[in-house]
Amino acid sequence: MAYWLMKSEPDVFSFDDLQAKTTRNEPEEWGGVRNYAARNNMRAMALGDEAFFYHSNIGKEIVGIMKVVATAHPDSTADLNAKGKVVWECVDVAAVKPMPKPVTLATVKATPELSELELVKLSRLSVSKVSDAEWALLCKMGGL
DNA sequence: GCCAACGTTGGC
DNA sequence: GCCAACGTTGGC
């Protein structure tokens, strides 16, 4: 089981939106990612892997947990390349639970144990990896 | 294949 | 609104 962190701008797609879809039994296709490092991370995801949902720009905080319900498949919003090959892929996710206390970026940055978190080190990467230790600590900080 | 120019992301 | 970081593009 691996852990991840995925970003979204809440005015485009928020954790509330994801929870609403999950309640309706609709998986969310995490499409629109156009970055190779992020795509490779999604390819590495397994069924049941869990990920933090991070709100970028507005809030700048980890607001909930979701899980992978379908492994990487072609992104239906993406075009094929010149050779007709699929370039962009995505996974499907469902909400698990919100964080009782969202963990802000400022708090993460103020925590020495989280100084290696990819969210901090690779701030522009929209799908990043979280270590077991980082996951456990962030859950604790979030009131879980 | 290198590198400068440019565009985008995201924090502040 | 600005700027830093980084990815992509295009000329050579």
Side-chain angles (χ1 to χ4, degrees), chain A residues 1-22 26-47 49-144:
Chain A
M1 167 100 104
Y3 299 109
W4 311 91
L5 182 145
M6 298 164 94
K7 292 196 230 184
S8 180
E9 295 182 30
D11 55 350
V12 177
F13 187 78
S14 70
F15 190 69
D16 285 346
D17 296 332
L18 179 64
Q19 284 190 300
K21 288 192 87 167
T22 300
E26 296 171 22
E28 165 67 11
E29 188 180 79
W30 200 267
V33 173
R34 299 292 181 267
N35 172 283
Y36 287 104
R39 183 203 63 184
N40 291 344
N41 279 337
M42 288 198 286
R43 278 183 176 173
M45 290 182 188
L47 278 183
D49 277 4
E50 292 188 309
F52 287 125
F53 193 121
Y54 174 78
H55 280 176
S56 63
N57 287 315
I58 302 167
K60 285 171 287 183
E61 56 191 5
I62 295 168
V63 292
I65 292 174
M66 54 191 171
K67 66 180 175 188
V68 177
V69 295
T71 52
H73 57 81
D75 183 341
S76 63
T77 69
D79 295 328
L80 304 178
N81 70 6
K83 291 176 184 159
K85 284 271 193 75
V86 171
V87 178
W88 301 116
E89 300 175 21
C90 59
V91 296
D92 290 357
V93 294
V96 174
K97 57 191 161 190
M99 304 292 268
K101 295 190 306 179
V103 180
T104 66
L105 182 64
T107 306
V108 169
K109 285 188 167 175
T111 306
E113 294 90 335
L114 297 173
S115 63
E116 295 297 308
L117 191 66
E118 287 189 349
L119 172 69
V120 177
K121 296 196 88 177
L122 304 172
S123 64
R124 289 188 52 204
L125 186 58
S126 60
V127 180
S128 61
K129 191 147 186 16
V130 178
S131 74
D132 291 359
E134 289 162 346
W135 180 271
L137 179 58
L138 284 164
C139 285
K140 196 172 143 199
M141 291 165 70
L144 290 172

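All of these numbers come straight from a predicted model, not from anything done at the bench. First the proteins, then the strands, lettered A, B, ... as listed; each starts at 1.
Atom CG in A:Asn57 sits roughly 18 Å away from atom P in C:dC3 (whole-Å rounding). Regarding A:Tyr36, its OH atom lies at a distance of 7 Å from the P atom of C:dT8, rounded to whole Å. If you measure from atom NZ of A:Lys121 to atom C1' of B:dG11, you get 18 Å, rounded to the nearest angstrom. Atom-to-atom, CD1 of A:Ile58 to P of B:dC12 comes out at 15 Å; the value is rounded to the nearest Å. For the pair A:Glu118 CD and B:dT9 P, the interatomic distance rounds to 19 Å; values are reported in whole Å. Look at NZ on A:Lys7: it is 12 Å from P on C:dC6, rounded to the nearest Å. If you take CG of A:Asp11 and P of B:dG10, they are 12 Å apart, rounded to a whole angstrom. Remark: C1' of C:dA5 and CG of A:Leu119 are 14 Å apart, rounded to the nearest angstrom.
Of the possible donor and acceptor atoms, none in the side chain of A:Asp49 sits under 3.5 Å from a partner among the backbone N and O of A:Tyr3. Side-chain N or O atoms of A:Asp17 include one that pairs as donor or acceptor with a backbone N or O of A:Ser14 at under 3.5 Å. Proximity of a side-chain donor or acceptor of A:Thr104 to a complementary backbone N or O of A:Thr107 within less than 3.5 Å is detected. Formation of a donor-acceptor pair under 3.5 Å by the A:Glu118 side chain with backbone atoms of A:Lys129 is found in this model.
For A:Arg124, taking side-chain heavy atoms from C-beta onward, the closest of the listed nucleotides C:dT8, C:dC6, B:dG10 is C:dC6. Distance from the side chain of A:Lys109 is smallest for B:dG11 among the nucleotides C:dG7, B:dT8, B:dG11. Nearest nucleotide to the side chain of A:Ser56, out of C:dT8, C:dG7, B:dG10: B:dG10.
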(message) Pair A:Phe53, A:Trp30 - check ring pair (Phe, Tyr, Trp, His ring centres under 6.0 Å), show working.
(response) CA-CA 11 Å; A:Phe53 193 121; A:Trp30 200 267; 5.5 Å; yes

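Using a 4.0 Å heavy-atom cutoff across all strands shown, A:Leu105 reaches sugar-phosphate atoms only and no base atom.
Under 4.0 angstrom from either OP1 or OP2 of B:dT9 there lies no side-chain N or O belonging to A:Tyr54. Neither OP1 nor OP2 of B:dG10 sits under 4.0 Å from any side-chain N or O of A:Lys60.
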